[in-house]
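Some notes on the structure that comes next.
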Amino acid sequence: NAGVTQTPKFQVLKTGQSMTLQCAQDMNHEYMSWYRQDPGMGLRLIHYSVGAGITDQGEVPNGYNVSRSTTEDFPLRLLSAAPSQTSVYFCASRTPSRGGRDEQFFGPGTRLTVL
Amino acid sequence: LAKTTQPISMDSYEGQEVNITCSHNNIATNDYITWYQQFPSQGPRFIIQGYKTKVTNEVASLFIPADRKSSTLSLPRVSLSDTAVYYCLVGDRNQGGKLIFGQGTELSVKP
């Protein structure tokens with residue numbers, strides 16, 4: 001299993017540009033989430049999904065859109081990039097434990113710089 | 001969702017035992033306590049999870065008192081490679097997809 005994969009690894013955008021960060025998982029996990037991590041800070045939840053077709057907002061959703069058309073994929077769209085969105089973006093997936101261990105798996109991250 | 005409070009940073013030396021305490025005063029009955037470790041430039045990874053009393057695995061122990069309003073992650077005999085940020089999370093593991101990370105504790109292990 002590849003686990004959680006993210007593309008691209010690095011991206012530089014100009015203010016006002018839009019782009020999509022890709023995230024995929026091959027573990028058949030129901031839950032997927034997007035976090036951002038600014039330098040020296042903890043992770044902040046942007047959006048999350050509890051299944052295909054179901055998404056919800058996290059702590060910092062403004063400026064981002066998500067969709068979940070399949071179980072495997074959970075892309076994050078930046079509508080109009082701003083310098084304040086310069087950050088490292090992590091995608092994660094997990095499944096309801098139903099009595100077992102509840103472990104969230106993270107991708108390697110996308111380092112985004114907005115000029 | 002229960003809010004968590006941890007020390008921002010801790011220092012230790014190789015070979016020592018490190019204990020990181022997390023406060024979660026408004027933990028709910030169905031909430032579990034989970035700890036993650038994050039190295040620079042990597043995503044967090046699961047360390048340990050528990051509901052009450054003590055849980056031990058190959059890398060750490062988790063101590064949870066009877067009132068469950070706090071928990072302590074114990075790392076035995078740390079090495080330089082244990083230098084990382086450690087996050088405490090509280091949530092119902094059987095429902096919901098919303099996992100909120102706090103600030104975390106930056107552990108620095110010195111030779």
Side-chain angles (χ1 to χ4, degrees), chain A residues 3-6 9-10 23 25 29-61 66 68 71 74 87-111, chain B residues 1-9 20 22 24 27-28 30-51 55-60 62 71 83-108:
Chain A
V4 180
T5 57
Q6 293 184 236
K9 286 187 168 53
F10 301 92
C23 174
Q25 52 93 9
H29 285 170
E30 295 178 40
Y31 303 154
M32 296 186 74
S33 301
W34 275 103
Y35 294 87
R36 61 175 286 176
Q37 186 171 36
D38 299 336
M41 305 290 287
L43 287 86
R44 290 186 291 170
L45 182 65
I46 305 172
H47 286 285
Y48 66 100
S49 168
V50 298
I54 307 169
T55 64
D56 206 346
Q57 296 181 350
E59 303 171 274
V60 288
V66 291
R68 184 101 180 267
T71 300
F74 190 41
S87 190
V88 179
Y89 291 83
F90 290 103
C91 179
S93 75
R94 57 189 264 264
T95 202
S97 72
R98 298 188 178 95
R101 180 163 112 174
D102 177 18
E103 178 177 352
Q104 182 152 245
F105 295 84
F106 285 81
T110 294
R111 207 171 277 275
Chain B
L1 292 170
K3 180 179 168 58
T4 60
T5 303
Q6 305 173 231
I8 292 177
S9 64
I20 306 174
C22 178
H24 27 80
I27 188 169
N30 293 332
D31 285 345
Y32 278 73
I33 301 151
T34 310
W35 285 79
Y36 284 81
Q37 175 191 55
Q38 185 182 27
F39 296 115
S41 302
Q42 295 184 26
R45 66 173 188 174
F46 177 98
I47 301 176
I48 199 166
Q49 184 178 74
Y51 183 80
V55 179
T56 297
N57 62 22
E58 62 276 8
V59 297
L62 178 60
S71 59
T83 293
V85 179
Y86 294 82
Y87 295 95
C88 164
L89 280 76
V90 174
D92 187 338
R93 68 180 189 181
N94 291 317
Q95 59 181 320
K98 195 172 185 177
L99 276 184
I100 303 294
F101 281 73
Q103 186 76 3
T105 298
E106 186 171 7
L107 173 65
S108 176

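Keep in mind that the numbers below use all heavy atoms, side chains included, and drop hydrogens, waters and symmetry copies. In what follows, chains carry the letters A, B, and so on, assigned in the order in which the sequence lines appear, proteins first and then strands, with residues in each chain numbered from 1.
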Residue [X] versus chain B: region with a heavy atom under 4.5 Å:
{"X": "A:Glu59", "value": "side chain"}
{"X": "A:Gln6", "value": "neither"}
{"X": "A:Arg44", "value": "neither"}

Could you check if a side-chain atom of A:Val66 sits within less than 4.5 angstrom of a side-chain atom of A:Met32, using non-hydrogen atoms only?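 No, too far: nothing below the 4.5 Å cut-off.
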Is it the backbone or the side chain of B:Gln42 that comes under 4.5 Å from a heavy atom of chain A, or both, or neither?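 When you check distances to chain A, only backbone atoms of B:Gln42 fall under 4.5 Å.
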Looking at B:Gly43, B:Pro44, B:Ser41, B:Pro40, which one has more heavy-atom pairs under 4.5 Å with chain A than the rest?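 Looking at each of B:Gly43, B:Pro44, B:Ser41, B:Pro40 in turn, B:Pro44 comes out on top.
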What are the two closest heavy atoms between B:Thr4 and B:Cys22, and how far apart are they?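 Result for this residue pair: CB-SG, 3.6 Å.
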Between the side chains of B:Ser9 and B:Glu106, is a donor N or O closer than 3.5 angstrom to an acceptor N or O?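 Side chains of B:Ser9 and B:Glu106: no pair found under 3.5 Å.
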Among residues at least two apart in sequence or on other chains, which ones pass side chain to side chain donor-acceptor pair (under 3.5 Å) with A:Gln37?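 Applying side chain to side chain donor-acceptor pair (under 3.5 Å) to A:Gln37 gives B:Gln38, B:Tyr87.
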Sequence-distant partners of B:Thr105, side chain to side chain contact (heavy atoms under 4.5 Å, CB included), two or more places apart: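 With neighbours one apart ignored, the set is B:Gln6, B:Pro7, B:Met10, B:Ile20.
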